[in-house]
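So the structure is just underneath, and the comments pick up after that.
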Amino acid sequence: MNKDLIENIGDNHISTNIETPLLPNAFDKSDDEKIENIKHHFAKIMEELGLDLTDDSLSGTPYRFAKMYVKELFYGLNPKNKPKLSIFENKYKYKKMLVEQNITIDSSCEHHFLPITGHAHIAYIPKDKVIGLSKINRLVDYYAHRPQVQERLSLQILKDLQAVLNTKDVIVMISAKHLCVSSRGIKDKDSFTTTIEYDGEFNNELQRNEFFGIVNNSST
């Protein structure tokens with residue numbers, strides 16, 4: 001792949017699959033093995049940059065970096081870390097929209113491994129099942145903590161909630177700032193990106209507008 005094409009893919013945030021691209025052997029190694037390998041390779045990157053790893057301040061950076069990647073920033077890659085979603089019978093027969101707003105997005109762009117930060121707003125219309133409110137937040141956090149494209153993140157959350165709740169009536173809106181835009185390239189400090197995915201009853205414009213009204217009112 002030539003350098004111009006590589007840059008264009010990164011700038012356009014191209015994604016070809018709703019699933020995060022993973023190797024078949026992605027989880028053959030333990031977390032400790034991955035940390036040790038990443039530590040080794042990141043030390044080489046630091047050395048290529050001309051940094052002196054014998055300095056007290058830098059000597060532990062390769063390990064800290066590796067642990068952060070495996071245990072913190074990208075823990076959402078491993079399915080074993082997926083939160084258990086508590087689903088309950090809709091005993092109250094609640095049939096109106098339920099909205100969970102201002103869910104923190106703390107993710108990373110898969111093209112530059114730079115932060116994506118912002119908020120998600122999610123709504124669904126219950127049928128036979130309802131979900132514990134904190135579980136929506138946990139699901140967002142899980143999918144956010146992997147190298148991501150914002151469009152894919154929106155779809156992954158949507159599809160998972162639809163499957164768990166056994167309903168198509170879900171809408172996901174994410175507004176986020178991308179440091180790959182604000183700290184490199186165009187270096188636009190103020191712009192942010194909004195993605196919206198929905199299905200079922202939210203194909204109805206009136207239903208969507210009710211959702212947007214709730215979200216907008218909470219933001220002012």
Notebook entry, point to check: For Leu179, which fellow cluster members are found when Ile, Leu, Val, Met, Phe, Trp and Tyr are connected by side-chain heavy-atom distances below 4.5 angstrom, either directly or through intermediates?
Noted result: Leu114
Check: Do Val99 and Phe211 come within less than 4.5 Å of each other through their side chains, counting heavy atoms only?
Finding: yes
Next item on the list: Please confirm whether the backbone N or O of Gly200 pairs with a side-chain atom of Asn203, one donor and one acceptor, at under 3.5 Å?
Entry: yes
Margin query: Can you confirm whether the side chains of Thr117 and Lys177 place a donor and an acceptor under 3.5 Å from each other?
Written below: no
Item checked: Arg152/Glu110 salt bridge by N-O under 4.0 Å criterion -> yes
Next item on the list: Decide yes or no for Pro62 and Met46: does some side-chain heavy atom of the first lie under 4.5 Å from some side-chain heavy atom of the second?
Entry: yes
Distance-only criterion, 3.5 Å: show the donor-acceptor pairs between side-chain atoms of residues 50-57 and protein atoms not counting sequence neighbours.
| unit_1 | atom_1 | unit_2 | atom_2 | d |
| --- | --- | --- | --- | --- |
| Asp52 | OD1 | Thr54 | N | 3.0 |
| Asp52 | OD1 | Thr54 | OG1 | 2.6 |
| Asp52 | OD2 | Thr54 | OG1 | 3.1 |
| Asp55 | OD2 | Ser57 | N | 2.9 |

Check: In terms of hydrophobic clusters joined by side-chain contacts under 4.5 Å, are Leu133 and Leu161 together?
Finding: yes
Next item on the list: Taking the side chain as every heavy atom from C-beta outward, state whether Gln162 and Thr167 have any atom pair closer than 4.5 Å.
Entry: no
Check: Where the side chain of Tyr75 meets the backbone of Arg146, is there a donor-acceptor pair that is under 3.5 Å apart?
Finding: no
Notebook entry, point to check: Between Thr195 and Glu151, is any side-chain donor less than 3.5 angstrom from a side-chain acceptor?
Noted result: no
Next item on the list: Taking the side chain as every heavy atom from C-beta outward, state whether Met173 and Thr194 have any pair of such atoms under 4.5 Å apart.
Entry: yes
Notebook entry, point to check: Centres of the Phe74 and Phe113 rings: under 6.0 Å?
Noted result: yes
Next item on the list: Please tell me if the side chains of Val170 and Asp199 come closer than 4.5 Å, counting only heavy atoms from C-beta onward.
Entry: no
Next item on the list: Starting from the C-alpha separation in whole Å, work towards a yes-or-no answer on salt bridge (Lys or Arg N to Asp or Glu O under 4.0 Å) for Lys82 and Asp160.
Entry: CA-CA 11 Å; Lys82 186 175 181 179; Asp160 209 327; 2.7 Å; yes
Notebook entry, point to check: Ile174 and Phe192: same hydrophobic cluster, using ILVMFWY side-chain contacts below 4.5 Å?
Noted result: no
Margin query: Hydrophobic cluster membership, with links at side-chain heavy-atom distances under 4.5 Å among I/L/V/M/F/W/Y: are Ile136 and Tyr143 in one?
Written below: yes
Check: Any side-chain donor-acceptor pair under 3.5 Å between Gln156 and Thr20?
Finding: yes
Next item on the list: Say whether, by atom type as modelled, one donor and one acceptor occur between the side chain of Tyr92 and the main chain of Lys95 under 3.5 angstrom.
Entry: no
Note to self: Check the orientation of Phe42 and Phe65. Use parallel for under 30°, tilted for 30 to 60°, and perpendicular for over 60°.
What the structure shows: parallel
Note to self: If the test is salt bridge (charged side-chain N to carboxylate O under 4.0 Å, His left out), which one of Lys129, Lys96, Lys127 qualifies with Asp169?
What the structure shows: Lys127
Check: Hey, does the side chain of Arg138 reach the backbone of Pro83 with a donor-acceptor pair shorter than 3.5 angstrom?
Finding: no
Item checked: Within one Ile-Leu-Val-Met-Phe-Trp-Tyr cluster: Leu153 and Leu22, side-chain cutoff 4.5 Å -> no
Check: Is there a path of hydrophobic side-chain contacts, each under 4.5 Å between heavy atoms of I, L, V, M, F, W or Y residues, that connects Leu139 with Val164?
Finding: yes
Note to self: Under 3.5 Å, is there a donor on one side chain and an acceptor on the other for Asn137 and Asp141?
What the structure shows: no
Notebook entry, point to check: Going by atom types only, do Glu72 and His145 share a side-chain donor-acceptor pair under 3.5 Å?
Noted result: no
